[in-house]
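Report on the following structure.
Numbered from 1 within each chain, the chains take letters A, B, ... in sequence-line order. Both backbone and side-chain heavy atoms feed into the values below; hydrogens, waters and symmetry mates do not.
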Amino acid sequence: MSTATLDQAPAAEAPIQSFTVTFLIRRFDPDVDTEPRWQDFDVEMYATDRVLDALHKIKWEQDGSLTFRRSCAHGICGSDAMRINGRNRLACKTLIKDLDISKPIYVEAIKGLPLEKDLIVDMEPFFASFREVQPFLVANSTPEPGKERVQSVANRAIFDDTTKCILCAACTSSCPVFWTDGQYFGPAAIVNAHRFIFDSRDDNAQTRLDILNDKEGVWRCRTTFNCTEACPRGIEVTKAIAEVKQAIMRGKP
Amino acid sequence: MTAIEFPGEPRRRGSNLEKWGWIYMRASGVVLLVLIFGHLFMNLMVGDGIQAIDFGFVGGKWADPFWQWWDVLMLWLALIHGANGMRTLVNDYTNPGTVQKVLKGALFAAAAVLIILGTLVVFTFEPCPAGAPADLLPSFCAA
Amino acid sequence: MNTQTSDAETTVIDGVHYHQFDIVIVGAGGAGMRAAIEAGPGAKTAVISKLYPTRSHTGAAQGGMAAALANVEEDSWEWHTFDTVKGGDYLVDQDAAEILAKEAIDAVIDLENMGLPFNRTPEGKIDQRRFGGHTRDHGKAPVRRACYAADRTGHMILQTLFQNCVKLGINFFNEYYVLDLVMTEVDGVEQPSGVVAYDLATGELHVFQAKAVIFATGGFGKIYKTTSNAHTLTGDGVGIIWRKGLPLEDMEFFQFHPTGLAGLGILLTEGARGEGAILRNASGERFMERYAPTIKDLAPRDIVARCMVQEVAEGRGAGPHKDYVLLDCTHLGAEVLETKLPDITEFARTYLGVDPVYEPVPVMPTAHYAMGGIPTNVAAEVLRDNTTVVPGLYAAGECACVSVHGSNRLGTNSLLDINVFGKRAGRNAVEYVNSGVEFTPLPEDPARGIRELLVQLRDSNGTERIAAIRKELQDEMDKGAQVFRTDESLAHVTNVIAGLRERYKNIAVQDKGKRFNTDLLEAVELGFLLDLAEVVVFSARNRKESRGGHMRDDFPNRDDENYMQHTMAYLSGDAHSADAADHIRLDWKPVTVTRYQPMERKY
Amino acid sequence: MPETSAGTLTTPEKPAKQKPGGTLYRGHEGMWSWVLHRITGVAIFFFLLVHILDTALVRVSPEAYNAVIGAYQTPIMGLGEVALVGAIVFHAFNGLRIILVDFWAWATRHQKVLFWVVIALWVVTMLAFTPRHLINVFSH
Ligand SMILES: Cc1cc2nc3c(=O)[nH]c(=O)nc-3n(C[C@H](O)[C@H](O)[C@H](O)COP(=O)(O)OP(=O)(O)OC[C@H]3O[C@@H](n4cnc5c(N)ncnc54)[C@H](O)[C@@H]3O)c2cc1C
Ligand code: HEM
Ligand code: SF4
Ligand code: F3S
Ligand code: FES
């Protein structure tokens, strides 16, 4: 079916019907509250709206003090990871039609990072772990001036999956091991180490493997797969972690 | 500044045996699977199962070095495996400090004492202790 | 603590934090970080960004970055220059376009050497794909010039630049909103002495004293409703420059990207058409054959967008309301879609429930890119008029207007622009601060204006909702100043904006807190949006011709005699007066022509 | 995970009670298998401690040992033994699943399937063990 005709047009055919959806949002204002509290909002929504639209509607029409991060609104910038109905997701990639709206929709901040306000957490510990794995190319060879380093299609494919990371922290803050004490490097840092460990142009894999052979490194992963399931970019996080573990055992990528 | 505090503190670093612990859990796990299933099968499934277990049954088994080694191996592997697993839990749920040290110490002590005790029991076991009623002893003691 | 910095010498006076850096870069998108990589090693540099660097909208760019590497077929930077000039409908400054095309090659190689994982050819070289308006030998046929990494090129660029900033230990001040540029007069010349920033986490003000300031704050697509731009692209940087009385160039030229998801505006890269996807109307006709027989669906964006709107206007639109056309990728096959266009395939599935492997995707033009902005020369120095530079002030990226894009940017030329001119801005700033210049003294209490503005906004208890004003602005801009404009529609929008600016004075900010007060910042951002929309519409009304992204129904032809020049808009008089004519003054700036004389633009 | 479910599509009721500490994370097979693995591991460990001590009584005297073992043969303990074996069998099979997941990319991708395989094997094993064991326990 390569030629499109009028009646093949999909999307817009659905009857446009709106629903009242109840959102329960875990609020926290450090200036006033000692403990987070739940607050409910009723919002008129369409099936194709996203949870981010709902948050915007609340902020823009009901309560301007509701605070959350967001930017791109289509799952590419990693600003709005939050716990929606008990699972980490991006608010801008979660459609109302995929949720059960006969019940209230629970929205709360991601877990395991310091809560700052409403849905905002302090991301600094997360980025600190990221920085610690040396997430940048270190190459000893110098390419011909004005020329790219050569890399075969197959070598490029090895680390393709982990280049997709948008550092949203959905994975790390879904990890039960990370929740326990926040010491674990966390899946996102390992994913970004993986991205370079398996890049054929890089010469610093050993250092990164040593870093991740830490007490708080890959060995703390208990393969609970929450990270893989939470990743909005569909990265096979647990698989990447397994590959790093094996590289450490082999002593090379 | 943050009202809900970060559970952690600056990351501790240094050389460690985590890799070996991890490998050990898997290697011992596979062996334990065989040993424990064999153990359970022999003790609970064959014959009258648990009802058949008594001093005589144990004595009968340990008369055979095969079962002696079987059980000793199981003892070592399982205790170390279990204690190491428990250490993981202690690491997860307690913060570095006295409590954590005490718990780990207790785990180590318990495992060490029981390993020594168990090994001694298996190898110094006397299947036909003098003066015991013959009906409690393995059948071969009658001789 | 939201910063990654080693800045210890901070003093606090009256609750305002003072920092000192040689170079302050405002914005951590592609342009800002490319500049930082250049500046960091040579001078004490700080990057201030209202978002975490990796949240910047450069990460949303999909299709590719142009450079005549000739890795897969014959190509040359001259052809690239020509395409850029012609694509921009001859409003391009040709000296700048030449630099862009020449330095493109190094820009791509730099990125590869920094670690960017480009797609590869079977020989292991950087692979290249076709893109709209890029042709071989001056328009003979489409050429494969766009270097790409699947449909995540911008993501990879943003990540790679961020990674290298981490490597270099660049000082970042994240979630700091720059709200003002501080200018001081030295020997009769106004020059930057620093910037004032608002720390979102604490609500405190920070003054960064600097010898050189680089603006890299991105675009302002949020003046429109249907846009591929992020919620945060509110044009703060351009707005700050405007309020300082410095000119803005070519603001009437806004690019509408042909293939936004219908109704949503989320972008489907032109790379899809580069890989062979086809636009069809309701009857399945490949209508671009009629409008651009040589390169069809790969005509430049202004042309394709216009044709799409025309198809719909003439009743050939698809869907129940006949209000969109279809992007047909079904013949590309699942393999190509999954490997070369995975993200957009997912966007269509997630947001429209349409699987591009089996069904054509509903698309309509979406506000995409600001060709205009802060005028700079090829050294990325900001201009205060047609020729005079502001010493120590630089701009690069989408917020700047060099102008390499003229009246219509070619796809893949912006990722190139941010790298080439980001690098130039950084390098030139280092040279400048190391040439013996001293810190320009800060005025007494440089944060005063901003403090007052914030207090006034925070305490405002008016009756107008921020969101309502913004929505009306965006709706009206979509109606009156989009792909097609007329004097009538623009006059109407002008009036609407005047009314909205009046209402803006009576807004309510509900969040009265200090920490993470995004409500307050949305109010500030709306102020910038209103200012910029006004300049866009005002400039558009004044250009009585059709050229590139600016299509006037009432003046359908290009008029080189009168309008082969850049618009320069100045804030003059009371910025708060209702009538735009009272406070906007327009002037012209000649276009630099080197090799290519204007010709009719046919594809 | 809303505890209090609400009424109809259009008028959801407000839940009366809300979780102050945040909702329970709704992980999938991977997370729950880990929870179970952990709980069973701890349970087995503590049993093992006791079990070694009681077995050590063979060094004290046959009477002492038989007295303790007698306790294991009561119906109540018999049920406890079913639970213990259930825990061991789950831990063992899931342990194998974890090892496969660690070392074999196919298993990493199909860990959910493998979890249900573990459950199936567990059911089969328990079906083979439980009746026979309970007959032994109760027939004496
Ligand atoms: C969906 C999409 C797809 C695109 N695809 C392509 C493509 O394939 N090829 C191509 O060449 N171009 C493409 N473009 C265009 C190109 O991506 C952008 O023009 C370019 O990335 C802009 O980069 P920038 O660095 O100027 O701005 P941005 O990346 O937008 O960065 C702006 C930065 O400024 C900061 N900032 C803004 N205001 C303030 C303030 N007040 N205080 C402090 N910091 C501030 C922000 O935090 C951010 O870090 C695309 C654009 C879009 C929207
Ligand atoms: C029967 C064969 C067994 C197998 C195949 C097995 C396998 C495993 C494996 C692979 C792990 C590591 C899990 C991980 O890293 O995520 C583990 C953990 C553990 N095992 Fe076993 N095991 C077995 C028997 C036992 C026994 C007998 C005990 C008790 C003494 C025990 C106690 C534990 C504990 C406490 C843990 C730690 C759990 C955790 O960290 O969550 N296991 N087991
Ligand atoms: S791995 Fe996935 S979930 Fe984790 S930070 Fe990256 S994109 Fe987010
Ligand atoms: S959630 Fe955590 S335990 Fe491992 S598999 Fe993922 S890192
Ligand atoms: S807003 Fe960018 S990922 Fe959701």
*Structural part of A/Glu144 lying under 4.5 Å from a heavy atom of chain C*: neither

*Going by an N to O cut-off under 4.0 Å, is there a salt bridge joining C/Arg515 and A/Glu116?*
yes

*Under 4.5 Å heavy-atom distance to chain C, tell me which part of A/Arg201 shows up: side chain, backbone, both or neither.*
side chain

*Between C/Tyr52 and A/Phe127, is the ring centre distance below 6.0 Å?*
yes

*Could you give me the CA-CA distance, side-chain angles and deciding distance for A/Glu148 and C/Asn71, then say whether side-chain hydrogen bond (donor to acceptor under 3.5 Å, both in side chains) is met?*
CA-CA 11 Å; A/Glu148 67 263 48; C/Asn71 273 359; 2.9 Å; yes

_Heavy-atom pair count under 4.5 Å with chain C, highest-scoring of A/Val32, A/Asp118, A/Asp202, A/Asp63_ = A/Asp63

*asked:* Salt bridge check, C/Asp343 against A/Arg233: does any charged N sit closer than 4.0 Å to a carboxylate O?
replied: yes

*What option among C/Glu522, C/Lys125, C/Glu346, C/Lys514 has the most heavy-atom pairs under 4.5 Å with chain A?*
C/Glu522

_When you compare the side chain of A/Ile166 with that of C/His155, does any pair of heavy atoms fall below 4.5 Å?_
yes

*Decide side-chain contact (heavy atoms from CB on, under 4.5 Å) for A/Arg195 and C/Gln159; before the verdict, give the C-alpha distance in whole Å, the side-chain angles of both, and the deciding distance to 0.1 Å.*
CA-CA 11 Å; A/Arg195 142 92 190 71; C/Gln159 296 289 332; over 6 Å; no

*Does the side chain of A/Trp60 reach to within under 4.5 Å of the side chain of C/Lys471, using non-hydrogen atoms?*
no

*Top contributor to chain A contacts, counting heavy-atom pairs under 4.5 Å, from C/Thr350, C/Asp323, C/Asn229, C/Ile109*: C/Ile109

*Name the option with the most non-hydrogen atom pairs under 4.5 Å to chain C; the candidates are A/Gly64, A/Ala139, A/Gly146.*
A/Gly64

*Show your working on side-chain contact (heavy atoms from CB on, under 4.5 Å) between A/Cys72 and C/His57 and close with a plain yes or no.*
CA-CA 7 Å; A/Cys72 70; C/His57 211 54; 3.9 Å; yes

*Test A/Thr163 against C/Met156 for side-chain contact (heavy atoms from CB on, under 4.5 Å), laying out the working first.*
CA-CA 8 Å; A/Thr163 61; C/Met156 300 299 185; 3.1 Å; yes

*A/Lys147/C/Glu112 ion pair, N-O < 4.0 Å*: no

*Do you know the tightest heavy-atom contact between A/Phe130 and C/Val166?*
CE2-CG2, 4.3 Å

*Go through the atoms of C/Ile126 and report whether side chain, backbone, both or neither lie under 4.5 Å from a heavy atom of chain A.*
both

*Please look at C/Arg286 and chain A and tell me whether the side chain, the backbone, both or neither of the residue comes under 4.5 angstrom of a heavy atom of that chain.*
neither

*Could C/Asp127 and A/Arg156 be called an ion pair, given the rule that one side-chain N must be under 4.0 Å from one carboxylate O?*
no

*Looking at C/Asn517, C/Thr518, C/Asp511, which one forms a side chain to side chain donor-acceptor pair (under 3.5 Å) with A/Lys117?*
C/Asp511

*Could you tell me which of C/Asn113, C/Leu233, C/Leu116 has the largest number of non-hydrogen atom pairs under 4.5 Å with chain A?*
C/Asn113

*Hey, could you give me the CG/CG distance between A/Leu66 and C/Asp519, rounded to the nearest 0.5 Å?*
10.0 Å

*asked:* With heavy-atom distances below 4.5 Å as the criterion, would you say the side chains of A/Ser71 and C/His231 are in contact?
replied: no

*When heavy-atom pairs shorter than 4.5 Å are enumerated against chain C, which of A/Pro145, A/Pro135, A/Ser152 gives the highest number?*
A/Pro135

*A/Leu167 versus chain C, heavy atoms under 4.5 Å apart: side chain, backbone, both or neither?*
both

*So do the side chains of A/Gln134 and C/Gln163 get within less than 4.5 Å of each other, counting heavy atoms only?*
no

*Just wondering, do C/Glu123 and A/Val150 contact through their side chains at under 4.5 Å, heavy atoms?*
no

*Any side-chain heavy-atom pair from A/Ile76 and C/Phe347 closer than 4.5 angstrom?*
yes

*Using non-hydrogen atoms and a 4.5 Å limit, figure out which bit of C/Thr160 sits close to chain A: side chain, backbone, both or neither.*
neither

*Taking the six-membered ring for Trp and the single ring otherwise, decide whether the centroids of C/Tyr351 and A/His74 are under 6.0 Å apart.*
no

*With only heavy atoms counted, which part of C/Arg55 is less than 4.5 Å from chain A, the side chain, the backbone, both or neither?*
both

*Given side-chain contact (heavy atoms from CB on, under 4.5 Å), test A/Arg70 with C/Thr232 step by step and report yes or no.*
CA-CA 8 Å; A/Arg70 51 82 178 112; C/Thr232 44; 3.8 Å; yes

*asked:* Under a 4.5 Å cutoff for heavy-atom pairs, which residue among C/Pro117, C/Ala230, C/Gly59 has the most contacts with chain A?
replied: C/Pro117

*Where is the tightest heavy-atom contact between C/Arg120 and A/Arg149, given as atom of each residue plus distance?*
NH1-O, 2.6 Å

_Distance (rounded to the nearest 0.5 Å) between A/Thr67 OG1 and C/Phe516 CZ_ = 9.0 Å

